[in-house]
Amino acid sequence: MNRRKPFESMYFILPLLGAVFCLWYVSSASCDVVYSDYIRLINEYLPDVTDLEKLFTMDVFTRIPASFLQRLINVELFDFSVTFDRLCGIAGLVICAFVLAVFSYRKKLGFLWYSFIMIILFSLNKWEILLNGTAWAHLVSFGLFFIYYYIFDRSFFGDENAFYKYSLIFLPFVILMFAGEYIAAFTAVMILMLGYAIYRRFKEDSSYMGMFSWRVYLVCFITLMTAFMIYFVSRSFAVWEHAGATELSAIEVIRGNPLFIPRFFIKTFAGAVIGQETIASFAGGNALSDNTVLAIGLFVIIIYLAAIVIFFIGKMYKKTLFPMMLLLSGGLNHVMVTISRWIFLKESYALSSRYSGQFMIGFIGIVIIFAIFTKKSDTGYTYRKRNNLKIVLPLLMSLFIVSGNLYTSYQEVKKAPYREANYEKMSEMIVHYEDFTEEELLKNLEWHKSPEMLYNAIKILKENKLNVFREDK
């Protein structure tokens with residue numbers, strides 16, 4: 001009789017511990033108060049959250065359709081609670097965690113490597129996306145991506161479960177309800193994977209059995225592209241406001257500063273390891289130099305490339321595609337952030353914590369590849385002869401990523417009381433808004449657009465006893 005190793009239960013305990021940690025952080029670093037983009041949401045959708053005319057617009061899929069139902073629940077049951085939104089975001093991380101737990105358990109990844117994966121997933125370098133409740137749908141969409149990637153991987157390598165087949169066909173339309181612009185990277189990754197699946201099917205590779213027929217993969221391709229095109233068409237009707245964005249074209253920016261966009265792109269990788277505020281106040285309170293930040297970014301790119309090389313040299317594609325899907329998804333998010341944010345002409349935007357949630361996906365894929373590469377089987381190491389250097393280098397690269405995440409989390413834990421005090425100040429200012437100047441309100445509530453919208457949002461909340469004006473406050 002096989003005995004379960006003592007740490008195997010930790011595959012499912014660590015996700016719960018990670019969720020508890022995030023819950024503790026949110027409760028310690030915030031309070032229930034609207035600010036920033038909530039001002040726009042209040043003006044657009046409150047108080048009548050049942051108004052279907054606000055849902056059925058041509059650009060509806062850029063507005064995250066799932067948020068309409070979630071907002072209705074929030075207003076009716078929780079009086080428009082930012083905390084409820086934050087909890088929904090943590091739920092998205094938990095979905096990711098349990099998919100990773102099932103995958104790691106099935107692949108028997110070592111406890112150290114699995115711990116690295118959980119640290120990256122629940123680290124606080126994404127503090128901004130955790131505390132800004134408006135981003136909850138993005139984290140849930142990442143969880144849906146993980147589910148789709150995992151189901152595809154299982155079906156590709158022999159599991160012809162009918163539930164999996166229909167999930168692959170219909171999940172893209174569920175994802176469309178949550179993902180917004182992130183559906184672009186997801187679709188690109190899956191088009192590559194489906195192309196490979198169809199290629200392998202026609203090649204009739206005998207190294208594995210039980211794949212779905214190429215017709216199923218073709219239907220998956222059609223549903224993926226249909227969901228993406230629905231979003232693309234909807235996006236064409238959207239009117240975007242980018243306060244502070246340049247009116248110069250990319251060509252004009254490149255002519256004036258040829259290194260700006262490449263530097264921006266490299267810095268997105270640095271920001272994924274060490275958050276912007278940590279970079280600005282590193283050990284001893286001193287900021288990291290610009291060259292150091294660029295060096296960190298370049299090293300992370302090298303880690304990406306090393307993981308890709310290992311994936312193909314080790315022929316892991318014969319056993320699993322899941323980590324490569326994660327790696328590609330994270331890598332494409334770096335491209336997307338660069339394309340969408342260079343327009344502000346600030347390299348600091350590349351380091352923003354709000355993008356760490358997207359970037360963590362790639363890091364998780366990298367660590368899984370390294371974990372599989374160094375995994376020891378009964379007959380020796382899985383993909384190559386034992387070589388200490390080949391074990392140490394992936395371990396050191398992973399430790400570099402994890403240590404950056406841990407250090408940023410440590411810094412965030414120390415800042416939690418100060419963040420909470422700032423939110424409490426916001427709450428006090430909204431409740432007693434008549435006692436503060438327009439400039440004070442705009443600055444402290446992080447609203448950089450029309451002051452009329454800010455005052456109107458406060459009026460809506462007060463008249464309907466929502467958020468800071470709820471009766472139980």
Side-chain angles (χ1 to χ4, degrees), residues 12 15 60-61 64-70 88 91-107 137-205 207-234 317-326 328-329 361 365:
F12 300 97
V60 60
F61 293 104
I64 315 297
S67 67
F68 286 82
L69 176 59
Q70 191 266 3
C88 290
L93 288 180
V94 172
I95 295 171
C96 295
F98 276 97
V99 173
L100 292 168
V102 172
F103 177 85
S104 301
Y105 181 81
R106 289 180 62 87
K107 295 296 182 182
H138 299 326
L139 293 175
V140 172
S141 70
F142 299 157
L144 294 174
F145 294 166
F146 278 49
I147 291 173
Y148 194 97
Y149 293 155
Y150 178 74
I151 290 175
F152 178 85
D153 195 56
R154 286 289 301 274
S155 66
F156 185 73
F157 289 102
D159 195 331
E160 295 193 17
N161 188 304
F163 173 76
Y164 286 172
K165 177 170 68 175
Y166 291 111
S167 295
L168 289 176
I169 293 172
F170 294 109
L171 257 180
F173 299 106
V174 177
I175 289 170
L176 179 63
M177 299 296 108
F178 291 86
E181 63 185 8
Y182 300 119
I183 199 172
F186 166 73
T187 303
V189 170
M190 288 314 307
I191 295 305
L192 288 173
M193 295 299 110
L194 285 167
Y196 176 67
I198 293 173
Y199 163 75
R200 287 283 293 271
R201 187 62 180 175
F202 275 113
K203 188 179 178 182
E204 296 182 346
D205 192 330
S207 62
Y208 59 95
M209 300 292 291
M211 291 188 303
F212 290 146
S213 72
W214 68 269
R215 293 180 182 84
V216 174
Y217 290 125
L218 184 59
V219 172
C220 291
F221 174 83
I222 292 171
T223 57
L224 278 165
M225 288 305 299
T226 301
F228 175 71
M229 290 308 298
I230 290 172
Y231 172 78
F232 185 78
V233 172
S234 179
Y317 51 82
K318 291 186 176 182
K319 298 294 183 180
T320 180
L321 297 175
F322 183 71
M324 181 52 67
M325 287 188 275
L326 297 179
L328 290 174
S329 184
I361 301 174

Report the distance from atom CD1 of Ile361 to atom CZ of Phe142, rounding to the nearest 0.5 Å. 5.0 Å

If I compare all heavy atoms of Ala185 with all of Ser329, which pair ends up nearest, and what's the gap? CB-O, 4.4 Å

Heavy-atom pair of closest approach, residues Phe61 and Met177: CE2-CE, 3.2 Å

Gap between atom CD of Gln70 and atom CZ of Phe178 - 0.5 Å precision: 9.0 Å

Considering only heavy atoms from C-beta outward, does the side chain of Thr226 approach that of Phe173 to under 4.5 Å? yes

Contact check, side chains of Asp153 and Tyr149, non-hydrogen atoms, under 4.5 Å: no

Would you say Tyr196 and Leu321 make side-chain contact, with heavy atoms under 4.5 Å? yes

So how far is it from Ile175 CD1 to Phe186 CZ, rounded to the nearest 0.5 Å? 3.5 Å

I'd like to check the side-chain hydrogen bond (donor to acceptor under 3.5 Å, both in side chains) partners of Ser104; sequence neighbours left out, ordered by chain and number. none

Can you check whether Met190 reaches Phe221 side chain to side chain, under 4.5 Å on heavy atoms? no

Might you work through the side chain to side chain contact (heavy atoms under 4.5 Å, CB included) test for Val94 and Phe98, ending with a clear yes or no? CA-CA 6 Å; Val94 172; Phe98 276 97; 3.5 Å; yes

Can you sort out the partners of Tyr148 under side-chain hydrogen bond (donor to acceptor under 3.5 Å, both in side chains), two or more places apart, ordered by chain and number? none

Roughly how far, to the nearest 0.5 Å, is the CG atom of Leu168 from the CZ atom of Phe156? 12.0 Å

Between Phe103 and Phe146, does the ring centre distance come in under 6.0 Å? no

So do the side chains of Tyr150 and Leu100 get within less than 4.5 Å of each other, counting heavy atoms only? no

Roughly how far apart are Phe322 CZ and Ile151 CD1, rounded to 0.5 Å? 11.0 Å

I'd like to know if the side chain of Ser141 reaches the main chain of His138, judged simply by a donor and an acceptor atom lying under 3.5 Å from each other, with no hydrogens or angles considered. yes

Can you tell me if Tyr166 has over 12 outside heavy atoms packed within less than 6.0 Å of its OH? no

Side chain proximity check, Ile191 to Met225, heavy atoms < 4.5 angstrom: yes

Atom of Lys107, atom of Lys319 and distance for their closest heavy-atom approach: NZ-O, 3.5 Å

In Å, rounded to the nearest 0.5 Å, how long is the span from CG of Leu176 to CD1 of Ile64? 9.0 Å

Is a donor on one side and an acceptor on the other found under 3.5 Å between the side chain of Thr187 and the backbone of Phe228? no

